[in-house]
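Just below is one structure, and these are the notes that go with it.
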Amino acid sequence: MGMTKQILTEINQVVEQIQESDMDEVVKAISHAERIFVIGEGRSGLMAKSFAMRLMHIGATVYVIGETITPSLHSGDLLIAISGSGKTHQVVWSAMKAKENDVQVYGLTTDDTSPLANEVDHTLILPAATKYRKANEAKSIQPLGSLFDQSAHIVFDTLCLQYAQLKKVTQNDALKAHSNIE
Ligand SMILES: O=C([C@H](O)CO)[C@H](O)[C@H](O)COP(=O)(O)O
């Protein structure tokens, strides 16, 4: 099997374990939230930003924690915290602070016993390999947490598609929201 096929097989083995009902719950939470905030560090953060960007295109009010124009969070908002290991300090701490401010928090992680999973209201488990390669993690030929990042990207695009369908957002609507200075 070629490397691309092996990677696709790995991703498939991860995403097929996600419960449809869990995905539906996240879409419901996104569509009920006044505003959506995302946080992640490193490549998890890049996946979070790509998720936020597409959510903006399909009509959501969304911010990335840590960016200069990100406002304060309050009740009615939703924070989606992304950490493969579930241990990254800034992500766990942000989840904790958001909860202190009465914000609903969802975590995307591989480990339901992680500090992040303990901090959030709901956890979406993505059973991929992380950079720590713990014994119970999925096997991967790829370095570090690539399998988690790729699987998270697929999950986020699926959530965006579900949200767009729910809100009846058309391709034309999304194109209108897309940057026109590039
Ligand atoms: O950038 C990352 C690293 O290259 C692993 O692929 C991680 O996303 C970053 O270190 C954050 O880690 P997690 O919070 O465990 O996702």
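Numbers here simply count residues along the sequence, with the first being 1. Counting starts at 1 for both ligands and their atoms, in listed order.
- Because its NZ or CZ atom is both nearer than 6.0 Å to the ring centre of Tyr132 and within 45° of the ring axis, Lys87 counts as a cation-pi partner of that residue.
- With distances taken over non-hydrogen atoms, the option nearest atom 14 (O) of ligand 1 out of Leu147, Thr88, Thr110 is Thr88.
- No side-chain donor-acceptor contact under 3.5 Å links Asp157 to the backbone of Ile154.
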*Evaluation steps, side-chain contact (heavy atoms from CB on, under 4.5 Å), between Ile18 and Met23*: CA-CA 8 Å; Ile18 300 167; Met23 295 286 282; 3.8 Å; yes

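- Atom 7 (C) of ligand 1 has as its closest protein heavy atom Arg43 N, 3.9 Å.
- Contacts between Lys131 and ligand 1, counted as non-hydrogen atom pairs separated by less than 4.0 Å, involve the side chain only.
- Scanning the protein heavy atoms around atom 15 (O) of ligand 1, the nearest turns out to be Ser85 OG, 2.6 Å.
- Using a 4.0 Å cut-off between charged nitrogen and carboxylate oxygen, Glu137 and Lys134 do not count as a salt-bridge pair.
- Between Lys168 and Asp173 no salt bridge is recorded (no basic side-chain N to carboxylate O distance below 4.0 Å).
- The shortest N or O to N or O distance between Leu144 and ligand 1 is not under 3.5 Å.
- When non-hydrogen atoms are compared, ligand 1 lies under 4.0 Å from the side chain of Asp149 (C-beta onward) but not from its backbone.
- For atom 11 (C) of ligand 1, the closest heavy atom belonging to the protein is Glu41 O, 3.4 Å.
- Tested against Cys160, the residues Gln165, Arg54, His57 include a single side chain to side chain contact (heavy atoms under 4.5 Å, CB included) partner, Arg54.
- At a 3.5 angstrom cut-off on N or O pairs, Gly145 counts as close to ligand 1.
- Contact atoms of ligand 1 toward Ser44: 8 (O), 13 (P), 16 (O) (distance under 4.0 Å to a heavy atom of the residue).
- Comment: Glu67 engages Lys49 in a salt bridge, judged by a side-chain N to carboxylate O separation of less than 4.0 angstrom.
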